[in-house]
Amino acid sequence: MQIVFIGPAGSGKTTLVSKYGEWLNSSNQRVSFINLDPGAEEVPYSPSFDIREFFTVEEIMRREKLGPNGAMIRAMDMLAEKSSELISKIGAFQTDLILVDTPGQSELFVFRSTGPEIVRSLSRISRTIIVFLIDGQLIRFPSDLMAMFSLAAACKLRLSVPLVHVVTKTDTLGRADLDLLMQNPEYLEDRIVEEEKGLLQEYMLEYSKILHPILRRQRTVFVSAIVGTGFEALESIIHDAICECGDLR
Ligand SMILES: Nc1nc2c(ncn2[C@@H]2O[C@H](COP(=O)(O)OP(=O)(O)OP(=O)(O)O)[C@@H](O)[C@H]2O)c(=O)[nH]1
Ligand SMILES: [Mg+2]
C-alpha cells in the first residue's frame, strides 16, 4: 500500500512521514520512504527513492536561470518524465507500506498534471491513499476551516483516490474549539453569525451546510508528529479508507 502525504507548505508532511514511519517500523511493519520533493534541503528519513538524485530545485534555478516558483514548475514537469522509472522502482519494493513525501508547494503537485499521473500509476501497483494534512495552528476562524477542507476536497477531486484528513501539530493547540467547529454544525453557524457580516456571512452559512455532512461522514484524525500522538488513530482511519467495504471512498 502507498500512503501519499499532501498538504500546504509547512503543514508537517516531512515530519509526519518520518515519525509515523518510525512508529510503523517499531510495530514490525516494513516501511519504505520516498521523497518526491526536489526542493527539500534535508529529510529526516532514509528514502529508498529520492527525486533529488535526479535534480533539485536549486540546480534548476541555477541552470535555467529561473526563480523558485518557475524552477518548481519545471521540476514537476521533469518529475513527470521520471514517473515511469519511479513506478517501476516502487513496483519492486518488498515492503508492506510505502510512505510518499510530496513537494512543499502542494498546489503544483496537485493542480498540474504530474501529481494526478503519479497517483494514478501508484494506484495501479497497489492500493493508494492520500493523507491530507491540515496545519491545526492555522485554523482559528470558521473561514480557515472552510478554506482548508475545500483544499482537501479539491485534492480528492484531482487525485481520485481515497483521502483522509489529518490535523497536525496538535501539541500546540487547545483542541476543544477545533473539535466543536468540525463536529457541531450549530457551533459553526453561531461562530459564523458572530464573526462575519453581510454577503460573506450568507455565503459561509450556505457553505457550512455543504461542508458539515462531509465532516460528519469522514472522521478527522488529530496528530502530533513531534510528540507522537494520534498514530494509532491514523493507522485505523487509513485502514478503514482503503478497505473496500469501508464507507470513506
Ligand atoms: N509543534 C509541532 N511542530 C511540528 C509538528 N510537525 C511538524 N512541525 C514543524 O513544522 C515545520 C514544518 O514541518 P515539515 O515537516 O518540514 O513540513 P512540510 O509540510 O514537509 O514542509 P514543506 O515540505 O516545506 O512544505 C517544522 O518546523 C516542524 O518542526 C508537530 O507535530 N508539532
Ligand atoms: Mg517537506
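Atom set for the values below is all heavy atoms of this structure, side chains included, hydrogens, waters and symmetry mates excluded. We count ligands from 1, going down the list as the structure has it; atoms in each ligand are counted the same way. Predicted model only: the values in this text are computed from it and were never measured.
Residues Thr15 and Pro44 form no side-chain contact, since every pair of their non-hydrogen atoms from C-beta on lies 4.5 Å or further apart. Side-chain atoms of Val166 and Phe132, non-hydrogen and from C-beta on, never get closer than 4.5 Å to each other.
When only interatomic distances are considered, the shortest N/O to N/O separation between Ser11 and ligand 1 falls below 3.5 Å. Polar contact check, Thr14 against ligand 1: a nitrogen or oxygen pair lies under 3.5 Å apart. Checking only distances, Gly12 does come within under 3.5 Å of ligand 1, N or O to N or O.
Note on ring orientation: taking the six-membered ring where Trp is involved, the planes of Tyr20 and Phe231 are perpendicular (angle over 60°, cut-offs 30° and 60°).
Distances below 4.0 Å separate heavy atoms of Asp171 from the following atoms of ligand 1: 1 (N), 2 (C), 30 (C), 31 (O), 32 (N). The ligand atoms of ligand 1 that sit less than 4.0 angstrom from a heavy atom of Thr172 are 1 (N). Of all the atoms in ligand 1, the ones that sit under 4.0 Å from a non-hydrogen atom of Ala9 are 25 (O). Taking a cut-off of under 4.0 Å to the non-hydrogen atoms of Ser224, the atoms of ligand 1 that pass are 31 (O).
Counting non-hydrogen atoms of other residues, nucleotides and ligands closer than 6.0 Å to CZ of Phe111 gives a total above 12.
For the residue pair Tyr45 and Thr14, no side-chain donor N or O sits within less than 3.5 Å of a side-chain acceptor on the partner. No hydrogens or angles considered: nothing links the side chains of Ser11 and Asp135 as a donor-acceptor pair under 3.5 Å. Counted by atom type alone, Ser83 and Glu117 present zero donor-acceptor pairs between their side chains at under 3.5 Å. Under the 3.5 Å distance criterion, with hydrogens and angles disregarded, a donor-acceptor pair is assigned to the side chains of Ser32 and Thr95.
Contacts between Asp37 and ligand 1 below 4.0 angstrom, taking non-hydrogen atoms only, involve the side chain exclusively.
In terms of protein heavy atoms, atom 26 (C) of ligand 1 is closest to Thr15 OG1, 4.8 Å. Considering only non-hydrogen protein atoms, atom 11 (C) of ligand 1 sits nearest to Lys169 NZ, 4.0 Å. Looking only at protein heavy atoms, the nearest one to atom 18 (P) of ligand 1 is Lys13 N, 3.4 Å. What sits closest to atom 21 (O) of ligand 1 on the protein, heavy atoms only, is Gly10 N, 3.2 Å. Here the heavy atom of the protein found nearest to atom 3 (N) of ligand 1 is Ile226 CG1, 3.8 Å. For atom 31 (O) of ligand 1, the nearest protein heavy atom (residue, atom name, distance) is Ala225 N, 2.9 Å.
The closest approach between Gly7 and ligand 1 stays at or above 4.0 Å for every heavy atom of the residue.
Using a cut-off of 4.0 Å between Lys/Arg side-chain N and Asp/Glu carboxylate O, Arg112 and Asp77 are scored as salt-bridged. Here Arg191 does not pair with Glu194 in a salt bridge; the nearest charged N to carboxylate O distance is not below 4.0 Å.
The minimum heavy-atom distance linking Met61 with Ala71 is given by the pair CG-CB, 3.4 Å.
Protein heavy atoms are found less than 4.0 angstrom from atom 5 (C) of ligand 1.
In summary, Thr14 places an N/O/S atom under 2.8 Å from the Mg ion (ligand 2), meeting the contact criterion.
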